2 protein chains.
Amino acid sequence: MSQAAQRPAGPAARGGGRPTLEAVAALAGVGRGTVSRVINGSPRVSDKARAAVEQAIAELGYVPNRAARTLVTSRTDSIALVVPETETRLFSEPFFNDIIRGVSAELADTEMQLLLILVRTKKERERLATYLAAHRVDGVLMVSVHEDDPLPTLLERIDMPSVLVGRRSDVEPLSYVDADNAGGARMAVRHLLRRGCTQVATITGPLDMEPARARLSGYRRALEEADLGSDEALVGRGDFTESGGREAMRGLLERRPDLDAVFCASDLMAAGAMQVLRETGRRVPDDVAVIGFDDSIIARHTDPPLTSVRQPIEEMGRTMARLLMDEISEEGRARRQVVLATELVVRSSA
Amino acid sequence: MSQAAQRPAGPAARGGGRPTLEAVAALAGVGRGTVSRVINGSPRVSDKARAAVEQAIAELGYVPNRAARTLVTSRTDSIALVVPETETRLFSEPFFNDIIRGVSAELADTEMQLLLILVRTKKERERLATYLAAHRVDGVLMVSVHEDDPLPTLLERIDMPSVLVGRRSDVEPLSYVDADNAGGARMAVRHLLRRGCTQVATITGPLDMEPARARLSGYRRALEEADLGSDEALVGRGDFTESGGREAMRGLLERRPDLDAVFCASDLMAAGAMQVLRETGRRVPDDVAVIGFDDSIIARHTDPPLTSVRQPIEEMGRTMARLLMDEISEEGRARRQVVLATELVVRSSA
DNA sequence: CGGTAATGTGGGAGCGCTCCCACGAGGCAT
DNA sequence: ATGCCTCGTGGGAGCGCTCCCACATTACCG
């Protein structure tokens, strides 16, 4: 019987036939330890041995077995991107795409794998908790956390490296990356004031979300700086949705029909608001100037095209990944916070 | 505050301290084999033993170590979602989100992990090839493949379970899930004809992509069915982008200023086309009716709101996942193809 | 010149699991 | 009774790697 006959399909066909580190060692005429050292970039290898090993690796097309490595190191070389599903619809649509793009770009020349975990139900959330507690990933990226989300607390407790995009409140203990929501809002309102508007209203997001609060405070700040008293009748409550924007706009017009500008905390709400303005015979921007937030795809397609505050979303994704990698490699590192600048994209609505 | 003292850091803190199968066995007073059988749902376990094991698992909060399992079974319990990055921007934006949502929903009560892999550069593509050839995942989901993409061929060769969304051509050998592009286009054009339009133009996508070809053929089919000869001057070439739509529209108007309807193979192109129609003083839908494709978010925000063909994207994602799971579990299973129906969402543009 | 310190190397042990073989206990026909 | 299944069970072997210790070998010091 020849060697080959000893391995009759089955296990071999199931993926067992790939070259192992041992095979590389044999071909290169060195020991397993040396091959391992070469692969892991240890400096304690002679040039000669390294060359032989690299040659053998290339020849065999060897790729290290991740599971075996994980088993012994208990590093998984993968991180999870956790997205509460309820959120995904609220987001200005490209948000999620761009975050992923950024994260993925930053991870590209790393060994890190990106695991995508959407959380819908309570049951799934519990399952995820177990999963994380079992340290199945080296780190966690969390998108859009509500104030009362228990997951971040868990992450903190089990000391899992993790980075949020957006913070839960302004005393967020975990690492996070955020856009300068307050600054963006302030910039938008200043733009409206510079245009000559004097009765500037705002439509806020749901105020149990930090970004919504921050945008509102930026609005207030800009008015204060211009020595314009803030009239609470000029503040309408929305929920980041289009219909929410419509309703809030109607309420504002009822209370303050003389308003001449609206800063909306999302483009979707701005789109809703503009519909109402048009219905009530007001022209944008001549009668009422409108600014949105997010610079989402719809901003370019409203009529007139919407001036909006852009967040550097892809950059945020990249930064998150970078922070997380650092947190993973430097054990016991302090949590970090990064706030990235926003930018006003001026179109025709203001 | 003294949490740190609890765990002396080092190996234990690195994740080594979790209960193993052996610990469960000891606590339950059975052998390792029995615990393993319980976990993997083998029927050959007495009720008594099973109960004892389940009790022990709950007590210890045991979660099996995936790496160890992978090492011996060479199943990874994870699948990759591969997205060529160049594509993501082209997509009607929610596409990607919805696919993910669908896939994730289907995977929710499975052990399967979802790995997200964006491919940007040639180098990354090669790396992915190595990765896949090393069988690092049990299966692959591929979004948007170009005809000349070498990856599907690789998947075929290494006999990796895989499902595409959209096919490369109509003789696609791999499993795929697709929307009925031709049917949707046909439906759209019939709607235009029923409205009384007689000079129906179309703006196509890039014809090296199957969906673009299919939508064009649906357009032709509808015209044939109505015994309207097809005039090649009524066919404008676009590229799925807004500016492409604008240019194609200008070309069409030059050739056939008498046209009274345009079926566009994407919403973005429809938006571009509508801009040009407005600029040239034509009213939509009175002078020229317009229909888009994708029912993307911008369809609701154009002026007038765009009638569009909707694809059941989330359903496509779910179906993909289901097909892939089947392909993974039933070895040697024939590849399957699923085409899902599209739907015309009528708004004001036609 | 010996002695100590680096430097490079091989290979045993063991990570936590599944697979599978061997074995005892019971069931049912002969 | 004897034989021969089936069922449930325990535990050895081994998946492919990294870690680490022991052992060369060479370099450098006084």
Side-chain angles (χ1 to χ4, degrees), chain A residues 6-8 10-53 56-57 60-77 111 134-136 138, chain B residues 10-53 56-57 60-77 111 134-136:
Chain A
Q6 268 179 340
R7 258 203 195 159
R14 270 218 160 277
R18 265 155 267 293
T20 68
L21 179 140
E22 187 116 32
V24 174
L27 181 59
V30 299
R32 281 188 349 268
T34 301
V35 178
S36 179
R37 262 163 248 141
V38 170
I39 290 171
N40 295 294
S42 156
R44 324 204 144 287
V45 183
S46 68
D47 292 349
K48 187 162 152 263
R50 168 167 287 116
V53 169
I57 287 178
L60 294 173
Y62 169 74
V63 184
N65 181 318
R66 214 172 189 119
R69 180 179 286 171
T70 297
L71 186 55
V72 36
T73 59
S74 69
R75 271 184 294 111
T76 63
D77 284 338
E111 285 285 85
H135 279 254
R136 275 327 170 32
D138 294 347
Chain B
R14 274 218 160 277
R18 265 154 267 291
T20 68
L21 179 139
E22 188 116 31
V24 174
L27 181 59
V30 299
R32 282 189 348 269
T34 301
V35 178
S36 179
R37 262 164 248 142
V38 170
I39 290 170
N40 294 294
S42 156
R44 323 204 146 288
V45 184
S46 67
D47 292 349
K48 188 162 151 264
R50 167 166 289 117
V53 169
I57 288 177
L60 294 173
Y62 169 75
V63 184
N65 182 317
R66 215 174 188 116
R69 180 180 284 172
T70 297
L71 186 54
V72 36
T73 61
S74 70
R75 271 183 294 112
T76 62
D77 285 336
E111 285 284 86
H135 281 253
R136 275 326 169 32

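Quick caveat, the model's predicted, so the values are computed rather than measured. The sequence lines fix the lettering, A, B, ..., with proteins before strands; numbering per chain opens at 1.
Each of B:A68 and B:T34 has a nearest nucleotide on DNA chain D; the 5'-most of these lies closest to B:T34. Across the interface with DNA chain D, nearest-nucleotide mapping of A:L21 and B:V30 shows B:V30 to be the residue nearer the 5′ end.
Side-chain contact check for B:L21 versus B:I39: some heavy-atom pair is nearer than 4.5 Å. Looking only at side-chain heavy atoms (C-beta outward), B:R50 and B:V53 stay at 4.5 Å or farther from each other. Contact of the A:T76 side chain with the B:R66 side chain is not registered, since no non-hydrogen atoms from C-beta on lie closer than 4.5 Å.
The structure places CG of B:N65 at 8.5 Å from OG1 of A:T70, a figure rounded to the nearest 0.5 Å.
B:R69 has a side-chain polar atom (N or O) that falls below the 4.0 Å cut-off from OP1 or OP2 of C:dT18. Using a 4.0 Å cut-off, no side-chain N or O of A:S36 falls inside it from OP1 or OP2 of D:dC17. Using a 4.0 Å cut-off, no side-chain N or O of A:S46 falls inside it from OP1 or OP2 of C:dG8. For the pair B:R44 and D:dC7, the criterion of a side-chain N or O lying under 4.0 Å from OP1 or OP2 is met. At the phosphate of D:dC15, neither OP1 nor OP2 sits under 4.0 Å from any side-chain N or O atom of A:N65.
Rounded to an integer number of Å, the gap from A:R37 CZ to D:dC17 P is 15 Å. Put simply, OH on A:Y62 is 10 Å from P on D:dG16, counting in whole angstrom units. We find that CZ of B:R66 is positioned 22 Å from P of C:dC15, with the value rounded to whole Å. B:I39 places its CD1 atom 6 Å from the P atom of C:dT18, with the value rounded to the nearest Å. Look at CG on A:L71: it is 12 Å from P on D:dC17, rounded to the nearest Å. In this structure, B:N40 places its CG atom 11 Å from C1' of C:dC19, rounding to the nearest Å. Atom-to-atom, CZ of A:R32 to P of D:dC19 comes out at 13 Å; the value is rounded to the nearest Å. Atom CD in B:E22 sits roughly 9 Å away from atom P in D:dG11 (whole-Å rounding).
With hydrogens and angles ignored, no donor-acceptor pair closer than 3.5 Å exists between the side chain of B:R50 and the base of D:dG8. Judged by distance alone with a 3.5 Å cut-off, no donor-acceptor contact links the side chain of A:R18 to the base of D:dG16.
Within 4.0 Å of B:A25, counting heavy atoms only, lies no atom of the nucleic acid at all.
When distances run from any side-chain atom of A:V72 to the nucleotides C:dT9, D:dT18, C:dC17, the shortest one goes to D:dT18.
Checked by atom type and distance alone, the side chain of B:R69 never pairs as donor or acceptor with a backbone atom of B:D77 at under 3.5 Å.
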